[in-house]
Amino acid sequence: MPTPRLLSLAALLASASGCGQESGPVFPATGPLDAEIEASVAAARAAVEKEPRSGPAWMAAGMTFEGNDLLAQARDCYGSALAALETPQGWYRRSVVEGKLGALEDAVRSIRRAIELVPDYAPSYWRLGGYLFDQGDFDGARQAFQRSSDLDPQFAGAWAGLARVELAQGRPAEALALLERARARFPEHAHLANLMRTALVEAGRGEEAGRMRPPASAMSPPGKDPWQAEFWRYQGKPLMVRAREKLEGGAPQEGVRLLEEWLAGGSVDPNASAYLAWGYFLLGRAQDARATLAAALALDADNALALAMLAKIQESSAETEQALATCERILGADPSNGAIQAQRGRLLTKLARPEEAVRALAEALALDGRDPEVWAALGLAQDALRRWEESRPTLERALRDGARAAGVRAALARAYVETGRAREARELLEGAGSLTPDEQSLLARAKGEPR
Amino acid sequence: MRTVLACLAATALAACDAGSTTEPTAPAAAAGEAWFVNEATARGIAFRHTTGHASRYLFPEIVCGGGALFDMDEDGDLDAYLVQSDGATKARAERASNRLYQNGGGARFTDVTSGSGTEGHGFGMGAATGDADGDGDLELYVTNLDGNALLRNEGGGRFSDVTASSGTAVNLWSSSAGFLDHDLDGDLDLFVVNYIYWSEAFERTCYAPPHGETYCGPKAYDRPTPDTLLRNDGDLVFTDVTRAAGLAEVLGNGLGIACLDADLDGWTDVFVANDASPNHLFVNQHDGTFVDRASLVGCAADQDGMVKAGMGVGVADVDEDGDEDLFVVNMQNEPDSFFRNEGSYFVDRTAASGVKPITRPMTRFGVGFHDFDQDGLFDLYVANGNILHSYKSYGPDPFAEPNMLFRGLGAGRFAEVEPRGGTSPTEAHTSRGAAFGDVDNDGDVDILVVNKDGPTYLLVNEAAKRGHWLGLRVLERGRDAIGATVEVRAGKRTWTRGVRSAYSYCAANDLRVHFGLGEARAADEVRVRWPGGEQESFGALAGDRYWTLERSAPAR
């Protein structure tokens, strides 16, 4: 006769699997997917169709979905994985997804089961503390964070959790004492620094808080978490893609957080470090950026991505000569790198070497002609050389394709005026909202010199 | 003690009669009982908001939708103004217009837009209301993507567009706005919250798996703006004093506003909720300037230092300590921020509020604290609608989400009311602005919710009442005393509430101040702290009715 505990476990597993499927688990459906994600999902589907009772295959599918923010599908897959083979990692991942979905009671149940299976894994208690904290169970959260810290004193997230509990309960002095000890261990931990700032404000020491370095990336890595690292490693490429999208899409804090968490999990990857450096740079942490790049290049001196990021940072820091040298170093190893060739062209323009710039930019466009900004850069270089018959079609294409570089409209108007196309110049400028002095002058010329 | 009381029955407000004859009962609300009934259509509000979305995802489309509840014709009941958007890149003449609905009494609305002068054809965001010319009726300020409009109330339901002569156009993408007397010179100035510098030329393509192309967030544009302060120089002429006030260099992606006296110094401060950039708390320096002290006093970011996507702002003295607290709502996967005011700083008490795990899956915009069931505790209503394609489907609108209603439990804690959103059945659209006010003058607070690309909700409060109420119209020199604070004491309880129209999201709200009294049938004392700090007691007031409180001390 099954014991109540076993019955309870059976019920938990049944709920995890989503149902008591007679005919086996069903692979979750999705809407239309990006091609890259579609390929990952298809591979995961093929693996579970080959071995429908394989826990690892379902775990992989779950991580594939989770790594692409398809959380409901991930939760279903983890359920199927647990039904096939119960593992602490399965419950751990399921709790993470449930937490992201806002199903905190489910997340607590799942992480408690992971703890039952492996009682000495510090990150599980940290997760549990976070869920309980979000539910307002501060005593429970404190116990969980304390257990996490006891198991792994280097787990910074546990210290942060304990400080959050003190703050949430209106005890800033206790939070400050705890944070001072924590920051002695983890002086660069951004989350701890942010909590310190909050604690100072709540202790009536706002002026001191104001003197601290401004908040950077709030969500620093909590500490060593091999199960999480397994997830990041599995999702390495999508993670990098997502991190890059965050960095390039104007959310550098998010990108930095993703990369920091991944690297904190034990991954060594110069490419990730290169992107992380760029993220730091976007956040105004230039020293961190250069240090991270130096570490990446120490691992791989010819890493093209790290060098490309270095060139970006140099260019953005007005170190034009150095940036040019870095670009040429990259092109020495990879002459077909169109983006770097385009950057080299821009740098040559800045260095008032327009002939070379035109050659470089034309070469860049021959390698990859999709970026309107490169067309714009070429057109501007041609304009600087007064090659208006050449700059006119170049700039027309740049504008047509949506180039945003400053001066493109004026340069095209000038090309029209100088090549006897006053009507086109008028149409171009009269259709614009506000005009620069240069454009106003060109419009006056166009009006005075009808074609 | 100077006491100036005038029951609004004398000024033809039906609620006085209703209040004096209606005996509120105090049964516990049955579990699962709806608190609100959506009666928009039945009561004559047929407004359907449209973004005019075609194929390209244009950023303004995803955050628009606002309106106002205000008594435009001085007949004692709230009229409704709904702001249309309809095509971020369309010519003005091609756009559908804003709509004005006149409340004929008992919350029976009639569309009186035609000929009212309120049509407007900007790509609309929201509205603000205040008596800017001091003639006793409310002007209407409409925020747009492409130039705002100030509409002077000419009386009789007619408005004239005085934007150009008043200098109030603000050619930025404005979101929320609020009237305030920032310099205590006795007239209402205007604080306009601006979002980002945007034009079609700056539009970007953003991608979110698994749905492909979608709307970008503000960081993708990286074009934050300053907010705008327009000083009222009299005769409906305003001067842009943004730079002189010290605001020009303070950038953000502003969406929500609450004007409050955060530090209880008698001068109005301004809190601005910013999207993906730190919130501002512009503390009034008493000389026409402001200093942003949000990061120093703990309301720029949450407890963890996370800068979140601030949308709407709720404001009320939730912990009954005499100063007003702030509740900033955020986007999916970000908890709200309940900033409890401790006098000289704020503490983030979201985790203890009970709201955190419940709202986090949603993206929240409109928000308001009101005591909907009159039990003496502030409740909380949150209007939700995603900005990304939802992973959960709530019908054909991929951004739709149900709204949420929380019952106050005291001590800053809340519990969600079922059915979700307080209506049965639960409704789901892409909600944005929510305006709060007693549209049927029955003594409880109703809600007007504007849904992006959807029909409007008029949520009439039918909650089982757990106590008594008190409604106050607070006047100074004949106009609503925006910036005054009212304290109501009954037994051992003291409730504090500001006189304001601007809070929530892109909304103008009922200027009357509503208090749930719980078991108390009357207030033992009502005190008003007027702008500038002078206090005046109005003595004991009976509950379950509206009163008008007029300042008797010399006004500024």
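None of these values were measured; they are calculated from a predicted model. Side-chain atoms are counted along with the backbone in the values below, which use heavy atoms only and exclude waters and symmetry mates. Letters A, B, ... mirror the listed sequences (proteins, then strands); counts begin at 1.
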Quick check on side chain to side chain donor-acceptor pair (under 3.5 Å): which of Asp336(B), Asn330(B), Asn403(B) does Arg364(B) satisfy it with?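 So the option named by the test is Asp336(B).
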Only one of Asn384(B), Asn386(B), Thr363(B) clears side chain to side chain donor-acceptor pair (under 3.5 Å) with Glu401(B); which? Asn386(B)
Which region of [X], side chain (C-beta onward) or backbone (N, CA, C, O), has a non-hydrogen atom less than 4.5 Å from a non-hydrogen atom of chain A, or is it both or neither?
| X | answer |
| --- | --- |
| Arg293(B) | side chain |
| Tyr221(B) | neither |
| Val297(B) | backbone |
| Glu342(B) | neither |
| Ser344(B) | neither |
| Ala201(B) | backbone |

Looking at residues at least two apart in the chain, or sitting in another chain, which of them share a ring pair (Phe, Tyr, Trp, His ring centres under 6.0 Å) with Phe339(B)?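 Testing Phe339(B) for ring pair (Phe, Tyr, Trp, His ring centres under 6.0 Å), a comparison that skips the adjacent residues, returns none.
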Residue list, ring pair (Phe, Tyr, Trp, His ring centres under 6.0 Å) with Phe133(A), at least two apart or on another chain: Phe138(A)
I'd like to know which of Gly170(A), Gly204(A), Pro172(A), Ala141(A) tops the heavy-atom pair count under 4.5 Å against chain B.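 Looking at each option in turn, the highest pair count goes to Gly170(A).
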Picking from Ala163(A), Ala168(A), Gly136(A), which has the most non-hydrogen pairs under 4.5 angstrom with chain B? Ala168(A)
Picking from Arg413(B), Gln303(B), Arg340(B), Lys356(B), which has the most non-hydrogen pairs under 4.5 angstrom with chain A?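 Winner by heavy-atom pair count: Gln303(B).
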Are Arg223(B) and Phe202(B) in a cation-pi contact, defined as NZ or CZ under 6.0 Å from the six-membered ring centre and within 45° of the axis?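 Checked: cation-pi criterion met.
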Less than 3.5 Å apart, any donor N or O on the side chain of Glu98(A) or Ser95(A) sitting next to an acceptor on the other?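 No, Ser95(A) and Glu98(A) have no side-chain donor paired with an acceptor closer than 3.5 Å.
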Side chain from CB out, backbone as N, CA, C, O: work out which of these in Leu104(A) comes under 4.5 Å of a heavy atom of chain B, or both, or neither. side chain
Min side-chain heavy-atom separation Leu255(B)-Tyr195(B) under 4.5 Å: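 Sidechains of Tyr195(B) and Leu255(B): in contact.
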